[in-house]
Structures are given as structure tokens and as C-alpha cells.
Amino acid sequence: MKARSARRADGVSSIPLSKLDVSEAKRFQDDSIWGYFERLRREDPVHYCQDSRYGPYWSVTKYRDIVAVDTNHKAFSSEQGVTIVDVPDEHWTPSFIKMGPPKHAGQRNAVSPIVAPDNLAKLESLIRSRVRVILDGLPRNDPFNWVNMVSIELTTQMLATLFDFPFEDRRLLTYWSDVAVTPPRAGHAIDSWEKRRTILSGCLEYFTRLWNERINAEPRLDLISLMAHSPDTRHMEPDEFLGNLILLIVGGNDTTRNSMTGGVLFMNQYPGELRKLRDNPRLMSGAVSEIIRYQTPIAHMRRTAAADCILGGKQISKGDKIVMWYISGNRDEEVIENGDSFVIDRKNVRQHLSFGFGIHRCVGRHLAQLQLNILWEEILRAGLDVMVVGEPERIASNFVHGYSALPVQIAA
């Protein structure tokens with residue numbers, strides 16, 4: 001933990017406040033972002049960055065200010081996009097998270113039966129059986145990558161089930177999710193908006209085949225059939241269908257996948273918390289909430305000011321880009337005591353920002369919690385000691401706060 005504290009302090013205080021830019025992806029990749037957010041919360045909670053890779057934007061870094069923005073969709077609109085990246089018009093894909101009422105509610109309600117309580121109850125035994133198979137098949141006494149063998153595999157299997165997607169092709173879902181959340185950068189695998197579009201066009205083509213099958217069949221409880229048979233979604237244009245596919249794939253993948261990895265890392269960093277959980281499994285629900293808070297798998301959401309307004313004492317102009325840094329608000333000491341520590345039995349453990357608030361609150365949050373809950377129940381049931389044996393590899397993203405690798409080893 002000392003190394004992380006050192007990274008937090010390194011160089012932050014020497015940057016003029018007017019030049020401080022928390023959007024640089026490398027700071028999330030090397031885990032050095034925390035000191036920047038600490039400084040903004042302390043000195044300038046609603047902070048204007050004039051010059052960044054993504055143009056000018058406001059950073060909202062404290063819990064209560066974030067809630068104020070997230071719960072006021074009339075003043076702070078999602079219709080211009082939900083990430084700090086401005087997508088070129090020719091590559092724009094609508095989706096219900098980028099819509100206001102009433103269209104938002106209609107499209108959201110079209111897919112919500114998949115995560116209704118009665119369906120989650122039906123999915124529980126399937127999730128548990130899959131978790132057991134995967135855990136039983138993991139290597140013993142040999143290092144392996146938890147991200148690939150557990151986190152990605154479990155979430156991709158679940159996504160395939162939710163879409164009734166061909167199981168043998170399920171890793172395409174992970175690939176499309178990764179492409180969708182990666183802004184083009186020169187020298188990277190996705191180096192242009194055109195290349196990104198070409199890959200995602202393959203996603204659209206694949207799902208259009210599934211759509212054509214489902215729309216001509218009796219309604220079923222899978223996401224494609226639900227959209228195909230709902231009056232609110234059955235007449236979507238191709239770009240809107242793709243936008244909603246991306247939303248559902250990313251939403252069903254990144255939150256759960258990276259919390260599954262983060263939980264293992266945190267339990268190794270804070271072994272006393274793992275002992276608490278082993279000694280008292282009734283803390284499981286709180287432990288899952290704390291994993292999701294401490295990981296904050298979606299680092300930010302963006303809104304655009306719909307009118308001139310005041311936020312945190314600052315004058316916001318119509319059209320300004322507002323970035324809610326959930327990852328910062330989840331460490332705000334004014335609301336979350338000792339927020340930089342991982343504490344599974346903390347007071348008000350469910351009081352975190354990771355699922356958002358207001359009309360755009362994560363539709364799949366209960367499914368994400370269920371999957372994490374079952375994973376940790378089965379780790380404890382099997383008596384597995386999952387030891388982190390190397391440094392985690394984090395992805396270079398200011399949107400998805402996640403991992404590409406976590407080397408672990410399980411004793412026989």
C-alpha cells in the first residue's frame with residue numbers, strides 16, 4: 001500500500017491547478033490518478049480544464065455534486081454522449097442511455113424483463129453451476145491470468161445467455177466490447193474511427209442475422225427477442241440497433257468483469273477483510289458492494305449542460321461538457337469515511353456511485369451483484385486461496401477502469 005501512496009503524491013502538487021487534466025488515460029493505466037482526484041476534491045471540486053485531448057470539460061469530483069448532476073437529466077443531458085470523447089457525427093450511434101424521456105423509458109423498459117427478479121432467480125442456478133465448473137478447472141500451483149480464465153469467461157458466458165448468442169462465438173462479445181470503448185489512437189490497434197466502425201459493422205451484421213430469426217419467431221426471454229418484439233424498439237434504424245447492442249454488451253461485460261478481477265486483488269491487498277468474510281459469510285452482500293465501490297468499473301459518465309446554470313458555485317454555460325468522475329466520488333471522505341481503504345463491513349456500504357443515479361441508473365446492477373455474490377460464495381465454499389503473484393496490468397482508459405491481466409496462483 002505504501003507504493004500506491006507514493007504514486008499518488010508524485011508530481012501532483014507541482015502542476016498549476018489550471019493545467020490539471022485528469023482525463024489522461026496513462027494515469028489510469030499506471031494507477032497514479034488518485035492524487036489528482038484528491039487534489040481536485042480538496043481544492044476545486046468542480047474544475048474546468050480548458051485544454052485536453054478531448055477539448056474543454058468540467059470535472060465533477062465530489063459525491064454530492066455528482067448525484068446532483070446525475071439526477072437532473074433536464075439540466076444535464078446525455079443526448080450529446082455519455083463519455084468524454086466527442087464521437088464524430090458520421091460515427092454516432094444512438095442508444096437509450098443517450099436519450100431523454102419518453103423514448104429512453106420505452107427502450108429501457110423493452111429490455112428490462114431480462115433482469116427482472118423472477119428471471120434472476122431462474123439464472124442463479126445456471127450462474128452457480130458455471131462458476132463451479134470454471135473454479136474446479138483452474139490450475140493448481142501454477143500461475144495463470146485470472147482476467148482471461150475467470151472474469152472474461154464468466155461474463156462472456158452470461159452475455160451469450162442474455163442474448164441467446166451462439167456459445168461457440170461468445171468471445172466475439174468481449175472483442176466488440178473492447179473495441180466499442182476504445183477511442184481511436186494513432187499507433188494503437190484501433191487507429192481510426194473508420195477501423196472502429198468496420199469492426200463494429202461486423203457486430204451489427206452478426207446480430208442482424210439473429211434479429212431476423214427472432215422477429216419471425218415467437219417472443220422469447222432474450223435481449224434480441226425482447227427488442228424485436230417491443231413496439232419501442234422493433235423499428236430501430238441499424239445505427240440505433242448497433243448503439244443499443246454496444247450499450248448492452250459493454251454494460252453486461254465491463255462492470256462485472258473488472259469487479260471480478262478487482263475483488264481478488266483487493267482481498268489480497270487487505271487480507272484482514274478476506275478473513276472477516278471467511279469468518280462471517282453473512283457479510284457477503286456488503287463485500288460485493290464494497291468491491292464495486294472500490295473498483296468503480298466505469299470511471300466516468302459525461303453530460304452536457306442543457307442551459308446556463310450554477311454547479312458547486314461555478315458558472316456552467318449551455319453546451320459545456322460535464323464529466324462526473326464516479327471513481328473520485330466513491331473516495332469522497334465527506335460521504336464515505338476512510339474511502340481510500342477497502343472495508344467490507346463499512347457503514348452504508350451500498351452508498352456508492354458505481355451504478356449511477358437517476359433515470360440512467362444501471363439497468364443490470366442486480367445481475368452484476370448476483371454474479372459477484374455467487375463467485376465469492378463458491379470461492380469460499382471450495383476453500384480456494386487465490387494468491388496474487390504479480391502486478392496487475394491495467395488498461396489505458398479513462399472510461400472503463402479495468403484490467404487486462406492479473407497473475408494469480410491457487411495452492412493445491
**Message:** If we ignore hydrogens and angles and just use 3.5 Å, is the side chain of Asp65 paired with the main-chain N or O of Gly312 as donor and acceptor?
**Reply:** no
**Request:** Compare every heavy atom of Leu277 with every heavy atom of Leu380, then report the nearest pair and how far apart it is.
**Result:** CD2-O, 3.7 Å
**Prompt:** Does the side chain of Arg53 come under 3.5 Å of the side chain of Ser23 through a donor N or O and an acceptor N or O?
**Reply:** no
**Message:** Do Ile66 and Thr61 have side chains that approach each other closer than 4.5 Å (heavy atoms only, starting at C-beta)?
**Reply:** no
**Item:** Value rounded to 0.5 Å, distance of CG in Asn253 from OG in Ser151
**Value:** 10.0 Å
**Message:** Under 4.0 Å between a side-chain nitrogen and a carboxylate oxygen: does that hold for Arg170 and Glu153?
**Reply:** yes
**Request:** Any side-chain hydrogen bond (donor to acceptor under 3.5 Å, both in side chains) involving residues 80-103? Give me the pairs, sequence neighbours left out, ordered by first then second residue.
**Result:** Asp86-Arg302, Asp86-Lys321, Lys103-Glu240
**Prompt:** Do Asp332 and Arg42 meet the salt-bridge criterion of a basic N to acidic O distance under 4.0 Å?
**Reply:** no
**Item:** Closest non-hydrogen atom pair, Cys203 against Leu242
**Value:** SG-CD1, 4.2 Å
If you look only at distance, which donor and acceptor atoms sit under 3.5 Å apart when one is on a side chain in residues 279-292 and the other is two or more places apart or in another chain?
residue, atom, partner, partner atom, Å
Asn280, OD1, Arg282, N, 3.2
Asn280, OD1, Arg282, NE, 3.3
Ser285, OG, Arg350, NH2, 2.6
Ser289, OG, Ser285, O, 3.4
Glu290, OE1, Arg293, NE, 2.9
Glu290, OE1, Arg346, NE, 3.1
Glu290, OE2, Arg293, NH2, 2.8
Glu290, OE2, Val343, N, 2.8
Glu290, OE2, Arg346, NE, 3.0
Glu290, OE2, Arg346, NH2, 3.3

**Item:** Check: Gly100 main-chain N/O paired with His73 side-chain donor or acceptor under 3.5 Å
**Value:** no
**Request:** Taking side-chain hydrogen bond (donor to acceptor under 3.5 Å, both in side chains) as the test, write out the residues that go with Ser341, two or more places apart.
**Result:** Asn338
**Prompt:** Is the backbone N or O of Val264 less than 3.5 Å from a side-chain atom of Asn268, with the two atoms forming a donor-acceptor pair by type?
**Reply:** yes
**Prompt:** Do Thr156 and Thr174 have a side chain donor and acceptor closer than 3.5 Å?
**Reply:** yes
**Prompt:** Taking Asn109 for the side chain and Ala105 for the main chain, is one N or O donor matched with an acceptor at less than 3.5 Å?
**Reply:** yes
**Request:** State, without any angle test, whether Tyr270 and Tyr294 hold a side-chain donor-acceptor pair at a distance under 3.5 Å.
**Result:** yes
**Salt bridge Arg394-Asp30, side-chain N to carboxylate O under 4.0 Å** = no
**Prompt:** Counting only N and O atoms by type, is there a donor-acceptor contact under 3.5 Å from the side chain of Gln295 to the main-chain atoms of His401?
**Reply:** yes
**Item:** Separation of Asn398 CG from Phe28 CZ (nearest 0.5 Å)
**Value:** 5.5 Å
**Request:** Locate the shortest heavy-atom distance separating Asn145 from Leu406; write the atom from each residue and the value.
**Result:** OD1-N, 3.0 Å
**Message:** Return the CG to CG distance between Leu245 and Leu173, rounded to the nearest 0.5 Å.
**Reply:** 10.0 Å
**Message:** Quick check against the 3.5 Å criterion: does Asn348 have a side-chain atom that pairs as donor or acceptor with the backbone of Gln351?
**Reply:** no
**Under the ring-ring contact (aromatic ring centres under 6.0 Å, His included) test, residues paired with Phe165 that sit two or more places apart** = Tyr206, Phe207
**Asked** Looking only at side chains, do Thr256 and Thr155 share a donor and an acceptor under 3.5 Å apart?
**Response** no
**Prompt:** Within the distance-only criterion (no hydrogens, no angle test), does the side chain of Arg130 pair as donor or acceptor with the backbone N or O of Gln157 below 3.5 angstrom?
**Reply:** yes
**Prompt:** Side-chain contact, heavy-atom cut-off 4.5 Å: Leu210 with Pro166?
**Reply:** yes
**Asked** Can you tell me how far OG1 of Thr182 sits from CZ of Phe399, rounded to the nearest 0.5 angstrom?
**Response** 11.0 Å
**Request:** Taking salt bridge (charged side-chain N to carboxylate O under 4.0 Å, His left out) as the test, write out the residues that go with Lys26, two or more places apart.
**Result:** Glu24
**Reported CD1-to-CZ distance for the pair Ile327 and Phe37, which is rounded to 0.5 angstrom** = 6.0 Å
**Message:** Checking His352 now: which residues fulfil ring-ring contact (aromatic ring centres under 6.0 Å, His included) with it, not counting sequence neighbours?
**Reply:** Phe355
**Message:** Using modelled atom types and a 3.5 Å cut-off, is there a donor and acceptor pairing between side-chain atoms of Arg214 and backbone atoms of Trp211?
**Reply:** no
Show the atom names and distances, to 0.1 Å, of all donor-acceptor pairs under 3.5 Å that link a side chain in residues 183-195 to residues at least two apart or in another chain.
residue, atom, partner, partner atom, Å
Ser192, OG, Lys195, N, 3.0
Lys195, NZ, Ala189, O, 2.8

**Pairs where residues 226-235 contributes a residue and the test side-chain hydrogen bond (donor to acceptor under 3.5 Å, both in side chains) is met, not counting sequence neighbours** = none
**Request:** Not counting sequence neighbours, which residues clear salt bridge (charged side-chain N to carboxylate O under 4.0 Å, His left out) with Glu124? List them please.
**Result:** Arg128
**Message:** Set out, in order, the CA-CA distance, both residues' side-chain angles and the distance that settles side chain to side chain donor-acceptor pair (under 3.5 Å) for Arg41 and Ser328, then state yes or no.
**Reply:** CA-CA 8 Å; Arg41 289 197 302 269; Ser328 173; 3.0 Å; yes
**Message:** Could you check whether Asp70 and Tyr326, counting side-chain N and O atoms only, form a donor-acceptor pair closer than 3.5 Å?
**Reply:** yes
**Message:** On a heavy-atom basis, which atom in Glu218 and which in Ser225 lie closest, and how many Å separate them?
**Reply:** O-OG, 4.2 Å
**Message:** So, using side-chain hydrogen bond (donor to acceptor under 3.5 Å, both in side chains) as the criterion, who are the partners of Thr296 when residues are at least two apart?
**Reply:** Asn330
**Asked** Does CG in Asn141 sit with more than 12 non-hydrogen atoms of other residues, nucleotides or ligands closer than 6.0 Å?
**Response** yes
**Fill in**
Nearest heavy-atom approach of Pro101 to Ile359 is CD-CD1, 4.0 Å
**Message:** Would the distance check show the side chain of Asp254 and the main-chain N or O of Gly402 forming a donor-acceptor pair, the cut-off being under 3.5 Å?
**Reply:** no
**Request:** Measure the CD1-CG distance between Ile127 and Leu123 for me, rounded to the nearest 0.5 Å.
**Result:** 5.5 Å
**Considering all heavy atoms, the nearest Met149-Ile134 contact** = O-CG2, 3.6 Å
**Asked** Between the side chains of Tyr57 and Asp21, is a donor N or O closer than 3.5 angstrom to an acceptor N or O?
**Response** yes
**Message:** Checking His360 now: which residues fulfil side-chain hydrogen bond (donor to acceptor under 3.5 Å, both in side chains) with it, not counting sequence neighbours?
**Reply:** Ser78, His104
**Asked** Any chance CD of Glu205 has more than 12 other-residue heavy atoms, nucleotides or ligands included, within less than 6.0 Å?
**Response** no
**Request:** Compare all side-chain heavy atoms of Tyr63 with those of Arg331 and state whether any distance is below 4.5 angstrom.
**Result:** no
**Prompt:** Could you give all pairs that pass the side-chain hydrogen bond (donor to acceptor under 3.5 Å, both in side chains) test and reach residues 306-319, with sequence neighbours left out?
**Reply:** Asp44-Lys314
**Item:** Check: Thr208 side chain, Leu204 main-chain N or O, donor-acceptor pair, under 3.5 Å
**Value:** yes
**Message:** How about CD on Glu237, more than 12 heavy atoms from neighbouring residues, nucleotides or ligands closer than 6.0 Å, or not?
**Reply:** no
**Asked** Is the Lys NZ or Arg CZ of Arg39 less than 6.0 Å from the centre of Tyr36's six-membered ring, within 45° of the axis?
**Response** no
